[in-house]
Protein chains: 2
Amino acid sequence: MDITKNAEKAPVLKTLPSRLLGQTAALVGRVAGDALADAGSHRYAFAVLATLDAFGPLSQAELCRRTDLDRSDMNGTVNALEAEGSVTRRPDPADRRQNIVALTEAGRTRFDDLERRLSAAQDKALAPLSGDERALLVQFLQRLHDHLSPG
Amino acid sequence: MDITKNAEKAPVLKTLPSRLLGQTAALVGRVAGDALADAGSHRYAFAVLATLDAFGPLSQAELCRRTDLDRSDMNGTVNALEAEGSVTRRPDPADRRQNIVALTEAGRTRFDDLERRLSAAQDKALAPLSGDERALLVQFLQRLHDHLSPG
DNA sequence: TGCTAATTGTTGGCAACGCCAACGATATTG
DNA sequence: CAATATCGTTGGCGTTGCCAACAATTAGCA
């Protein structure tokens with residue numbers, strides 16, 4: 001009677017947190033990533049824009065620390081953001097090893113647009129959870145993250 | 001007063017569910033993956049062993065449906081499990097397109113060992129959450145997964 | 001001061017992961 | 001019987017997160 005032959009999963013796998021986390025993160029991450037891709041952007045770029053928006057101009061190294069991105073990935077991301085005009089990159093006169101990365105007007109507009117798209121995508125992805133449940137989920141994840149992150 | 005210069009993260013990023021899910025899944029997944037790697041195994045292999053343990057002998061295609069693995073990855077996984085003696089693979093006489101994959105005695109022992117290791121790893125990774133909270137987290141994730149999975 | 005170590009940006013590359021295309025063999029459908 | 005679908009298998013691809021090495025520059029310390 002099953003129109004859709006439902007492939008039963010092993011109980012162990014259905015409740016295994018590491019597996020459930022991985023699968024769900026992939027699904028939610030795809031929704032969010034697609035939303036940014038529709039605007040020609042990327043999660044790395046969004047993280048950088050959000051950090052610059054929150055703290056003002058920063059060096060690439062400082063951006064790495066505040067976004068948990070690798071230095072090489074940060075370089076590529078800043079390249080892309082600079083190419084699209086969202087960001088300026090100029091050498092720091094006080095420390096000529098560093099680049100000062102700063103948000104442009106276009107960059108702030110860009111960030112606002114991406115934030116709206118991302119917010120809508122999250123709402124779609126998290127639809128089955130109530131507001132309280134979402135807050136609880138976020139809190140759980142934060143506690144796990146703090147517990148496991150090498151910081 | 002800060003011995004460890006705490007790199008503040010942008011508020012948007014700290015509460016963005018897609019990002020939090022991805023980061024936490026990576027951290028928890030690494031703990032779980034390392035536990036399996038210590039035993040020379042892999043999550044794909046564990047998923048197959050758990051499914052065979054729960055449902056008995058199955059074809060590779062059926063294993064794919066019940067583990068959400070790709071056919072090519074399933075092939076490699078069954079190869080490895082067959083090589084280590086955890087599984088037998090023989091052609092189905094009734095349908096010669098299919099392979100019947102079955103757990104061996106060694107395979108069941110192997111699965112029990114992996115399950116213990118994995119269980120211990122999960123406990124370590126989920127330490128900051130109480131039992132009730134873990135159950136709630138799993139429930140949230142299952143609801144999100146059901147909502148987003150194309151099944 | 002001068003020498004060593006550390007930091008920064010940059011380039012190049014790597015392994016794991018999830019996924020897709022194509023193929024021959026076999027079964028099923030019409 | 002012909003067309004379609006399924007299965008196992010092989011090979012490959014794009015993304016992701018990460019690491020190594022390098023030159024340039026600065027900081028730390030004898």
Side-chain angles (χ1 to χ4, degrees), chain A residues 5 7 18-19 21-30 32-34 36-37 41-48 57-82 87 89-101 148-150, chain B residues 5 7 18-19 21-30 32-34 36-37 41-48 58-82 87-101 148-150:
Chain A
K5 214 200 283 186
S18 61
R19 183 167 220 263
L21 263 171
Q23 306 230 144
T24 309
L27 290 169
V28 175
R30 170 138 45 213
D34 286 352
L36 293 176
S41 195
H42 196 259
R43 357 175 208 138
Y44 289 1
F46 180 82
V48 169
L58 294 173
S59 73
Q60 294 182 201
E62 197 58 33
L63 280 170
C64 285
R65 292 182 205 105
R66 303 195 186 223
T67 57
D68 290 321
L69 288 190
D70 187 78
R71 282 183 294 172
S72 56
D73 301 319
M74 179 59 67
N75 186 44
T77 301
V78 174
N79 279 344
L81 287 173
E82 192 183 24
V87 139
R89 172 204 260 155
R90 36 167 203 160
D92 184 348
D95 185 343
R96 303 212 306 281
R97 293 172 301 180
Q98 300 185 148
N99 290 339
I100 298 182
V101 182
L148 294 170
S149 86
Chain B
K5 212 200 286 185
S18 61
R19 184 167 219 263
L21 263 171
Q23 306 230 143
T24 310
L27 291 169
V28 174
R30 171 137 44 213
D34 286 351
L36 294 175
S41 194
H42 197 259
R43 0 176 205 139
Y44 289 2
F46 180 82
V48 169
L58 293 172
S59 74
Q60 293 183 201
E62 197 59 33
L63 279 170
C64 285
R65 293 184 204 104
R66 301 192 184 222
T67 58
D68 290 321
L69 288 190
D70 186 78
R71 285 186 291 174
S72 56
D73 301 319
M74 179 58 67
N75 186 45
T77 302
V78 174
N79 279 344
L81 288 172
E82 192 184 24
V87 138
T88 62
R89 171 205 262 155
R90 39 170 200 156
D92 184 347
D95 184 342
R96 303 212 306 280
R97 291 172 301 181
Q98 299 185 152
N99 290 340
I100 298 184
V101 182
L148 294 170
S149 87

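Within every chain, numbering begins at 1; the chains are lettered A, B, ... in the order of the sequence lines, protein sequences first and strands thereafter. The figures that follow rest on heavy atoms only: side chains count, while hydrogens, waters and symmetry mates do not.
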Expressed in angstrom and rounded to an integer, what is the separation of [X] atom [atom1] from [N] atom [atom2]?
X      : N      : atom1 : atom2 : result
A:Q98  : C:dT10 : CD    : C1'   : 15 Å
A:L63  : C:dT10 : CG    : P     : 12 Å
A:I100 : C:dG9  : CD1   : C1'   : 14 Å
B:L69  : C:dA16 : CG    : C1'   : 14 Å
B:M74  : C:dC19 : CE    : P     : 13 Å

Problem set entry | Gap separating the CG atom of B:L21 from the OG1 atom of A:T24, nearest 0.5 angstrom | 7.0 Å
Exercise. With a 4.0 Å cut-off on heavy atoms, is A:S72 in touch with a base, just the backbone sugar-phosphate, or nothing at all?
Worked result: base
For this session: Check every strand shown and say whether B:D70 touches a base, only sugar-phosphate, or nothing at a heavy-atom separation below 4.0 Å.
Result: base
Problem set entry | Side-chain donor/acceptor contact of B:D73 with base of C:dC17 under 3.5 Å | no
Seminar exercise, completed: With A:S18 as partner, the option from B:L36, B:L27, B:V28 fulfilling side-chain contact (heavy atoms from CB on, under 4.5 Å) is B:V28
Exercise. Quick one: which of B:V78, B:T77, B:L58 gives a side-chain contact (heavy atoms from CB on, under 4.5 Å) with B:V101?
Worked result: B:V78
Exercise. Is the distance from OP1 or OP2 of C:dA22 to the nearest side-chain N or O of B:R71 less than 4.0 Å?
Worked result: no
Exercise. Does the side chain of A:N75 get closer than 4.0 angstrom to OP1 or OP2 of C:dG9 through an N or O atom?
Worked result: no
For this session: Treat primed atoms plus P, OP1 and OP2 as sugar-phosphate and everything else as base, then score nucleotides 25-30 of chain C 5' to 3': B for base contact with protein heavy atoms under 4.0 Å, S for sugar-phosphate contact only, - for none.
Result: -BS---
Between [X] and [Y], what is the shortest heavy-atom contact and its length?
X     : Y     : value
B:A25 : A:A25 : CB-CB, 3.7 Å
B:C64 : B:R71 : SG-CA, 3.7 Å
A:A45 : A:L81 : CB-CD2, 3.9 Å

Exercise. Can you find a heavy atom in the side chain of A:D92 that is under 4.5 Å from one in the side chain of A:N99?
Worked result: no
For this session: State whether the side chain of A:S41 and the backbone N or O of A:A37 hold a donor-acceptor pair below 3.5 Å, judged by distance alone.
Result: no
Exercise. Among all residues two or more places apart in sequence or in another chain, which pass the side chain to side chain donor-acceptor pair (under 3.5 Å) test with B:R89?
Worked result: B:Q60, B:N75, B:N79, B:E82
Exercise. Which nucleotide of DNA chain D is the first, and which the last, in the 5' to 3' direction, to come under 4.0 Å of a heavy atom belonging to chain A?
Worked result: D:dT16 to D:dT26
